[in-house]
Structures are given as C-alpha cells and as structure tokens.
Amino acid sequence: MASSSSSAAMRELQRELETKANDLSKLQKDISKNHQVRKKYTIQLGENELVLKELDLLREDANVFKLIGPVLVKQDLAEANANVRKRIDYISAELKRLDATLQDLEEKQNSKKEAVFKLQQKIQALQPGKAKA
Amino acid sequence: MQEPVKGTVTPLASLFPPEEAQKASKRVQDALADRQSELDRLQGFIADNTALVNLVQRLPDELHHDIMVPFGKAAFFPGRLVHTNEFLVLLGEGYYAERTSKQTVEILDRRGKALESQVDSLKAMMKDLKAEVSFFDATAAEAVEGLVEIREDYVEESSSERVIERGPPKPDSPRFSGEDSMKVAAEDEEYARMMLRFDELEKEELAAGSGDEHDEDEHNEADVDHSLSQLSGDHVLGSLEERQVRKPLHHSKDEYATTEELLSKQHFEEDFANQLKSKIQLEGLKEQSVPKDSDDVSHGKSFANRATQSSSHGKDNIQALPTSKAETSVQSSKPATDSLKAFTGSIVEHTRNIQMNPREQAASSSQSSGSQPTKPVSRFKMQRR
C-alpha cells in the first residue's frame, strides 16, 4: 500500500522535475542567445565609434560615401556624422535593454535552479524509504 | 578526543577532488585556447594592416601601375591603375571616405593602434588564465598526492604546548564545524610566515646589492652634509669608506652604545647634535651604512638582549612601532635617526621607508629644494635617482 502511494508520489515528482528541467534549459538557451546578440552589438558599437572618430578627423570638404546595397551614395559629412551618432545611441540603448533582460533571465534561472534542486532532494528522500519498504 | 589537540586535519582531496580540479583546469585551458585563437586572428589582422600600409605608401610613387584586374572568380585581364593617390577608404558600417595615400596611411595607423591595444588586453587576459591553469593543476596534483591541510587556532602561548595532529585524516571530526574560524587563524599564520620569508629574501637582496645602495645612500648623505656643515662630500665619502673597511664591527658596537643612550634619555641626542654636529654626522653615516653590511651576521647575537624578536612575527611588529615613534620624535636631528636606524636595521622595509622620510625632510628644509618628495617613497624609487 505504502509503496504504491509513494511510487505514485514519486512519479508525480519526477514529472514535475522534468518540466522544471525543461524550463531551465529553455532559460539557459535564452541567456546564451542574449549573450550572442550582445556580443554582436558590442562589436558594432566599437566599429561605429571607430567610424565616428575617423569622421571627426575628416576635413569639411572631404567626400563621404555610404554603401547602400550595391551602390555608393554620396553623403554630406555632417549628415553621415549625425547618422553614426544616432546609430551609436541606438546601439547603446539596445545594449542597456539587453542587460536588463539578461539580469531578469538570470534571476529566473536561479530560482528555477533552486526549485529543481529541491525536487531532486525530495526524490532522494523518497528513494531510500522505497528501497527499505 | 584529548584536550591538547587543537587542530583539524583535512585531506585536500576531500575539499577539492582531483577529478574536479582537473575538470576545472581543463575548462580554463579551453578558454585559454579560445583566447589564443582570437590572438592569432588579431595578429593576422595586424600583419594585413602593415602590409596594406606598405602598399598604400608605395602606390603613389608611380603615376600608374600595370596590374592584372580580377574579373569574376577565375579570370584576370591586364589593366592599368591610374589616379594612384586617390583612395576610397572603408571606415566601417558602410561608410567610405575619399582620401589621399598619406591620409589613408594615417587611418590605417590608427587602426593598427586599436588592434595593438586589443592584443595587449588579450595577452593580459591570457596571463591570468595561465596562472589559473597552473593553480588548478597544482591543486589537482596536491590532491592526488594526498596532501592534508592542518588547521589549528593560533593561541598566544609557548610553542612547546602546541601539538600538531598528524596521522590518518578524520573526515567527520567533531571540530569540523569550527573550521571557518580556524581557517582565518591559519591564513593569518600563513601570512606571517610569508612576511618572514619576504624579510629574509629582502635581507639577502640587500646584502647582494649593498655596494650600489651604499653609493646611493652615501651620496644622499653627502648632499645633506654639504648643506648643513659645509663639508666636502668627497671628503666625507672617502673617510667614511676607509673607516668602514677598517673596523666595521667596532663601529657597530659604538653605535649600540649610542642607541642605548638614546633610549635611556630621549633628548640627549639633540644637545649632542648641536654640540658635535659635524662629528656626529660622520658617526651617523657610519652607523647608517654599517648595519646593512653586518646585518645578517651581527643582528642575531648583538640585538638578542634588547631586541627580543625571537619567535613570533607579531612581536616584531609591536617592537617596530615604538621605534618608529621614537624616530618621529627626534626627526629634527638627523644623526639621531641614523643611529636609530642602526638599531632597527634588522626590521626591514616598512621602517626603512619611514626612515627615508626624515632625511628627505631635513634635506628639503635645509636646501629648500622642492624636488624632494616629502611623502613616503619606496626604496626602489629612491634607488633610481
């Protein structure tokens, strides 16, 4: 009797553990994706800053082009400068947003980890009892 | 358990299982390999960049170049490069700028510098990782060897009462719970041991490099002397060296006598200094340089009476403190500090730094030369001057 009820509880716990583990792995995947995106943005930010530095060093009358698709379009230096600045602002904002989400995700991951750990302990507590019974 | 036993013995392997340590080491090594490949990539960029700089610099040498123009993937046809001083430089993010050869080279140089800074930071990171790897490897090796960690509380008692527990490790010792406090104590002890070792090494170093240092110090002293009593620096130097060579041991005895007097009546040396200024400066010179020589030899026996710095490092510290106080109290007279230095000669770096100070101050106040720093200067800096 006792063994059958405990085994039912066991099955229940195991199912719970499985779902929790799935959630956890999903979170981890999200986090790694976040990391990748962040890396990409960081690289872009560095590149943009480099461009901005070079544009600042150019003289007023220098010819600046922007590659749009297959064609080079002549651009005003001031316009290009403004564009790059805007882009840097955008990327910084995006990085900040990503940081916030990353923190959020990590918090979730930690709580999930704890839950999984507790479930594992419960199962372990049940198992020796079952072995004795 | 018996009462006198105070420590716990933990096999290192139970704290850091060898497999775990090896795993950690493996992971760090992987990270290191990643960094290495990144570094190689960057080095490749740098090589490309320098090659490009060379090409760009060479192009405007001629009005035109005969080249093979790539056409599609497989074909080339002969062509000719004209306008050899006009470049369209990609700045990044799809932006291009029209530049001359010289301006292009400037841009490329800036890019090279950025790359180099990246390489530097990467190298620093790799250094850290390498240290980590060696640490993990050492831990793993120690764990495999069956090294045990012995921890005991530090109690202010004679060392004979301490019993170090040896023998088979007891994993579930009852004192295991108090481990944290013991850990702190053990770390303190470890630190003290390290400091002692450092001191020894420093002494050795000092003995080895005593020749150079003497010169430096003597020059300093000579400067001060010169300004204070119009003595010629060379004369001081010469006489000093002679006496030093002749009877160093005698000097050290002299100076011990001086220090004893100093200790008994604090204000003695001020009168002394006033009356026999030039003479005591010479004395001070001797005293200052002699103990450095005879430090290793004489300090054991001759200081043993008063400087009871026998066993613990803690005592050393306590001892050092009053000495430096005395120094600050007699800062005004230079010779006194020097003779005190003879007394503290064995107490190494920290006090020596302080000792540099009064002399510096004396020098700057007498010469009113703003070049002397009044804040503590490290010994190494002093030497460089």
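Every chain is numbered from 1 and lettered A, B, ... according to where its sequence line falls, protein lines coming before strand lines. Below, each value reflects all heavy atoms present in this structure, side chains not excepted, and no hydrogens, waters or symmetry copies.
- A donor-acceptor distance shorter than 3.5 angstrom exists from the side chain of B:Gln103 to the backbone of B:Thr100, with no hydrogens or angles considered.
- For chain B, the nearby parts of A:Ala80 are the backbone and the side chain; heavy atoms of each come within less than 4.5 Å.
- Using a distance-only test at 3.5 Å, with no hydrogens or angles considered, a donor-acceptor pair links the side chain of B:Ser101 to the main chain of B:Val56.
- Panel note: side chain B:Thr84, backbone B:Glu62; a donor-acceptor pair is recorded below 3.5 Å.
- Contacts of B:Leu88 with chain A are made by side-chain atoms alone, with heavy-atom separations under 4.5 Å and no backbone atom involved.
- When each of A:Gln75, A:Lys74, A:Glu47, A:Glu54 is checked for heavy-atom pairs under 4.5 Å with chain B, A:Glu54 comes out on top.
- Listed options A:Leu57, A:Leu55, A:Leu50 were ranked by heavy-atom pairs under 4.5 angstrom with chain B; first place goes to A:Leu57.
- Counting heavy atoms of neighbouring residues, nucleotides and ligands inside a 6.0 Å radius, atom CZ of B:Arg27 does not exceed 12 of them.
- For A:Val73, no part lies near chain B; criterion is any non-hydrogen pair under 4.5 Å.
- For the pair A:Lys66 (side chain) and B:Glu93 (backbone), a donor-acceptor distance under 3.5 Å is present.
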